[in-house]
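Down below is the structure, laid out as structure tokens.
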Amino acid sequence: MKRILYLCELEHNCTFCTVNFDLTKNYLDLVVTYTTLMIILSRIEERKAIIGLYNYAHEMTHGASDREYPRLGQMIVDYENPLKKMMEEFVPHGKSLSDALVSLQMVYPRRNLSADQWRNAQLLSLISAPSTMLNPAQSDTMPCEYLSLDTMEKWIVFGFILCHAALNSDAAALSLWKLALQSSTCLCLFRDEVFHIHKAAEDLFVNIRGYNKRINDIRECKEQALSHAGSMHRERRKFLRSALKELATVLADQPGLLGPKALFVFMALSFARDEIIWLLRHADNIQKKSTDDFIDKHIAELIFYMEELRAHVRKYGPVMQRYYVQYLSGFDAVVLNELVQNLSVCPEDESIIMSSFVNTMTSLSVKQVEDGEVFDFRGMRLDWFRLQAYTSVSKASLGLADHKELGKMMNTIIFHTKMVDSLVEMLVETSDLSIFCFYSRAFEKMFQQCLELPSQSRHSICFPLLCTHFMSCTHELCPEERHHIGDRSLSLCNMFLDEMAKQARNLITDICTEQCTLSDQLLPKHCAKTISQAVNKKSKKATGKKGEPEREKPGVESMRKNRLLVTNLDKLHTALSELCFSINYVPNLIVWEHTFTPREYLTSHLEIRFTKSIVGMTMYNQATQEIAKPSELLTSVRAYMTVLQSIENYVTIDITRVFNNVLLQQTQHLDSHGEPTITSLYTNWYLETLLRQVSNGHIAYFPAMKAFVNLPTENELTFNAEEYSDISEMRSLSELLGPYGMKFLSESLMWHISSQVAELKKLVVENMEVLTQMRTSFDKPDHMAALFKKLTSVDSVLKRMTIIGVILSFRSLAQEALRDVLSCHIPFLVSSVEDFKDHIPRETDMKVAMNVYELSSAAGLPCEIDPALVVALSSQKSGHCNNIHCLAKAINQIAAALFTIHKGSIEDRLKEFLALASSSLLKIGQETDKMTTRNRESVYLLLDMIVQESPFLTMDLLESCFPYVLLRNAYHAVYKQSISANA
């Protein structure tokens, strides 16, 4: 390193940053890198122990210590105070280094201007002079225009510390030095390692005789930096936000301007990057009490516009290539050729190099761009670097200092070549913000501030986009940290996108809650009070308490008396649209070979929240057994879905997929996370609450009303059964649960029936001998009467058959509701299934018939044989107030299912049952005992209902074994009895 610096000082004249730019820049970078390396080395507290361990390991491995170890150890000792040691070392380089630094006076003061000066000069504006909009952006110092301000400040601060004598002898050097000290309080050494300028400089100069004036300058500059630098940079960021927004908007509309105005783009990126890095560095190392200037809640907007400009450059790269290929071949080559021809002296080597420049540019054509040819001008740029070295030697025959026009032209050409083959490298050079990787806490804080401010949330996508920069800070000489930095970029990107999706989800949930509240106001239950008020108003009756406010009618919230009035719903929609813009900004982004899709994060969170909301809206309370009415839940779900459908206006997501995933899971017993669904909640409630109260005699089923109705009892129920079981509620339940959910409900009902049948089987086994005798003695009335008295647990049979009938009646309601719902949604498919069922031949194999019945049952159609009941019973291999009218359905369904399982003829067995039953009932007609003939007429009607319910028995068959006159008289007697009971 020292030898290279010595050669630069000995042979080359690095004094023209605007002419031999590459040579001067690399020389100054070398000085700063060397200084930075020594400072960082001195900060390692265990450095002596580390090199000692290294030497010991070397000795153990090779049998001898490293021969360079003494020199390395001496260097560690010498550089205990690195800057002081280097100040002594750089005395021979003072002239060369100070001349190179002083050449920055043409660039640095012009870059380090206030925001007002930028604004007055209309910096970066394409529309300030419309007549020159198509003119190419030109400058005599082209590569200096987008040179990092942070880099120049490091050159100046470290450079003049090392050659401090120039500060006393050169006013220009002192001016640059003071300007740099006033702009910052610390500089970046490496990543998040910083160098506090004023303290370090003061500590160095305090020991130098005659430097009291310089020390006073440092203190004055420190005060200036602490009091004004923060506000100056804040105003710069404010200006850059508007300037970059204008630039990005114009270029988005007219991408062709990227050709002539490419310099503006890279200047804008460089300026913005410098300000962001300055804020990041100083906010983490604040040296003053007031921190307002170091908290920028709008920083996301500036980063967003940077990303937008970067996206334009990447997207329209071919446009820029076409422009600059033509520029190089049609203009630059011609001008350079003229300059070369006009040189008075041009050595052979230099002539060959410059001729190759002209030839390379002349051979370019637009067809190469159209054919997708890969350009590579690195050799040309390296030759120009060599030419700078040749022509900057003090005794060179062709001195570049004497031919500044040639240097300026070549610097411009180099920029143009980079626009053709190095756009990605240029973006990294001017706008890389990978330093955020090492300021994770500040990075996350900026993100949270962005989300908290609704006006800035539309720019929040810039934070995940910044994670794509992180891998550019890795180096091939340190592959170990590649995985560490890659993992950090992935985790941060994932966290940002997840938080954005959560924020959007919360806003959507709040909007859904508002809409559900508005939908709830339209429910029929709320109209009673309005009707009552209208009736009382008409009859001029005073109602309610005095001063009671009149209830607002639904829809009042949509009447705006003032345009400036903003409701909570307006604020939510505004915030949501801003955030959704950010989520929808890019379809996907690639971070360390991993692809992230922001919209999928939102979709995932919406699915989870929709699932929880649906279950939550059931308002199921296990302790009190309360649950929302299906119609009310359906209204809320539809309001929720309406809001979710509107999300498609903001974000390009498939909300139908969300509905399918969530609603289909709700038709199952458990969702994908193992949580209960509305299907399981409603199934449990109807079985354990409503039907259990029916069994307890608190509720009765009324076929005429097609609903279960509460009976007057001492202990009033907490719910009205009719509000949960009438046809409208059952249709709403079918809408919510769908065919799959209703099938699960049916299966659960059948399971309860099967448990009752199991108990009935036990009673049959208990009375098997008597029943067998009765089957063969049905034509012997006296013997039948005697056998009947031997039967045990007759009441239990009646009760269990009644329970089965109640369950089947409820299932019939559910199936009818399902059929009505499906007929509205899929009428053609339902009619096809119905037609298929009605025309199945009688002689069809039972297995085939059962498949048809299962299909029909799933569509809510009534079947001769209930497939669900068959399945439930086959697994057992080991409106009156008493609901007695439900026995008919129970007997028919149970008989059909059992005889199907046991391969018997359903029709023959039911005829046999009819013969036995009619014989027994005719025998009762001859009895005179009041207890025996109790409710005789009702039992006659029950026999009639069994025949009417059965698809296998007919009225003709009934009349052949039971006189119809008895049925007619029974109907008359029961009717008279009901009238007298009501009276």
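What you see is a predicted model, and the numbers here were worked out from it, not measured in a lab.
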Task: Whether H198 side chain and L181 backbone form a donor-acceptor pair below 3.5 Å - done: yes

TODO: Mind telling me whether F205 and W177 have parallel, tilted or perpendicular rings, with 30° and 60° as the class edges?
DONE: tilted

TODO: Could you tell me whether a side-chain N or O of H233 sits under 3.5 Å from a main-chain N or O of L279, the two making a donor and an acceptor?
DONE: no

Open item on the list: To check you understand the geometry: which heavy-atom pair defines the closest contact between A180 and V157, and what is its length?
Closed with: CB-CG2, 4.0 Å

TODO: Kindly say whether V31 contributes a backbone atom to a donor-acceptor pair with the side chain of T35 at under 3.5 angstrom?
DONE: yes

Open item on the list: Which heavy atom of F357 sits nearest to which heavy atom of M380, and what is that distance?
Closed with: CE2-O, 3.5 Å

Open item on the list: Tell me if the aromatic rings of W155 and Y108 count as close, with their centers under 6.0 Å from one another.
Closed with: no

Task: By side-chain contact (heavy atoms from CB on, under 4.5 Å) - contacts of Y69 (at least two apart) - done: I51, N55, D66

Task: Qualifying residue, where the test is salt bridge (Lys or Arg N to Asp or Glu O under 4.0 Å) with D296 and the options are R236, R237, R234, K238 - done: R237

Task: Residues that E481 engages under salt bridge (charged side-chain N to carboxylate O under 4.0 Å, His left out), provided they are two or more places apart - done: R191

Task: salt bridge (Lys or Arg N to Asp or Glu O under 4.0 Å) pairs, two or more places apart, involving residues 147-166 - done: D150-R281

Task: Pairs flagged by salt bridge (Lys or Arg N to Asp or Glu O under 4.0 Å) wherever residues 103-112 is involved - sequence neighbours left out - done: R110-E145, R111-D274

Open item on the list: Below 30° counts as parallel, above 60° as perpendicular, anything between as tilted: where do the rings of F436 and F443 land?
Closed with: tilted

Open item on the list: Taking D192 first and then R441, would you say they form a salt bridge - that is, a charged N and a carboxylate O separated by under 4.0 Å?
Closed with: no

- [ ] Decide yes or no for L176 and Q105: does some side-chain heavy atom of the first lie under 4.5 Å from some side-chain heavy atom of the second?
- [x] yes

TODO: Using the salt bridge (Lys or Arg N to Asp or Glu O under 4.0 Å) rule, collect all pairs that involve residues 201-219, keeping only residues at least two apart or in two chains.
DONE: K199-D203, E202-R219, R214-D217

Task: Atom pair OH/CE of Y327 and M320 - distance to nearest 0.5 Å - done: 13.5 Å

Open item on the list: Using every non-hydrogen atom in the two residues, find where L247 and A268 come nearest and quote the distance to one decimal.
Closed with: CD2-CB, 3.8 Å

Task: Charged N-O contact under 4.0 Å between R119 and D116 - done: yes

Task: Sidechain-backbone polar pair: R47 side chain, S42 backbone, donor-acceptor under 3.5 Å - done: yes

Open item on the list: According to salt bridge (charged side-chain N to carboxylate O under 4.0 Å, His left out), who are the partners of D402, at least two apart in sequence or on a separate chain?
Closed with: none

- [ ] Just jot down the side-chain contact (heavy atoms from CB on, under 4.5 Å) partners of T391, sequence neighbours excluded, or say none.
- [x] E350, L387, L398, L400

Open item on the list: Distance check, rounded to the nearest 0.5 Å: D383 atom CG versus I414 atom CD1?
Closed with: 9.0 Å

Task: side-chain contact (heavy atoms from CB on, under 4.5 Å) partners of D170, counting only residues at least two apart - done: V102, A172, A173

Open item on the list: Could you report the tightest heavy-atom contact between H469 and S434, atom names first, then the distance?
Closed with: O-CB, 3.3 Å

Task: For F266, ring-ring contact (aromatic ring centres under 6.0 Å, His included) partners two or more places apart - done: none

Open item on the list: Rounded at 0.5 Å granularity, tell me how far NZ in K84 sits from CG in L204.
Closed with: 9.0 Å

Open item on the list: For a quick test of reading the model, state the closest non-hydrogen atom pair linking A389 to L23 and the distance between them.
Closed with: CA-CD2, 4.3 Å

Open item on the list: Please check this pair: side chain of N216 against backbone of N212, looking for a donor-acceptor N/O pair closer than 3.5 Å.
Closed with: yes

Open item on the list: Rounded at 0.5 Å granularity, tell me how far OG1 in T360 sits from CG in L328.
Closed with: 10.0 Å

Open item on the list: Within the supplied structure, the quantity of interest is the number of heavy atoms (other residues, nucleotides, ligands) at a distance under 6.0 Å from E45 CD; does it exceed 12?
Closed with: no

Task: Closest heavy-atom pair and its distance - C221, K178 - done: SG-O, 3.8 Å

Open item on the list: With salt bridge (Lys or Arg N to Asp or Glu O under 4.0 Å) as the rule and sequence neighbours excluded, what pairs involving residues 417-432 come up?
Closed with: R381-D421

Open item on the list: I need the I277 CD1 to C188 SG distance, nearest 0.5 Å.
Closed with: 7.5 Å

Open item on the list: Going by the rule salt bridge (charged side-chain N to carboxylate O under 4.0 Å, His left out), which residues pair with E193 if we only count those two or more places apart in sequence or in a different chain?
Closed with: R43

- [ ] Please test L423 against R314 for side chain to side chain contact (heavy atoms under 4.5 Å, CB included), starting from the C-alpha separation and ending with a verdict.
- [x] CA-CA 8 Å; L423 281 174; R314 285 193 295 266; over 6 Å; no

Task: For K48, side-chain contact (heavy atoms from CB on, under 4.5 Å) partners two or more places apart - done: I76, E80

Open item on the list: For F294 and W278, take the angle between the two ring planes, folded into 0 to 90°, and tell me which bin it lands in: parallel under 30, tilted 30 to 60, perpendicular over 60.
Closed with: parallel

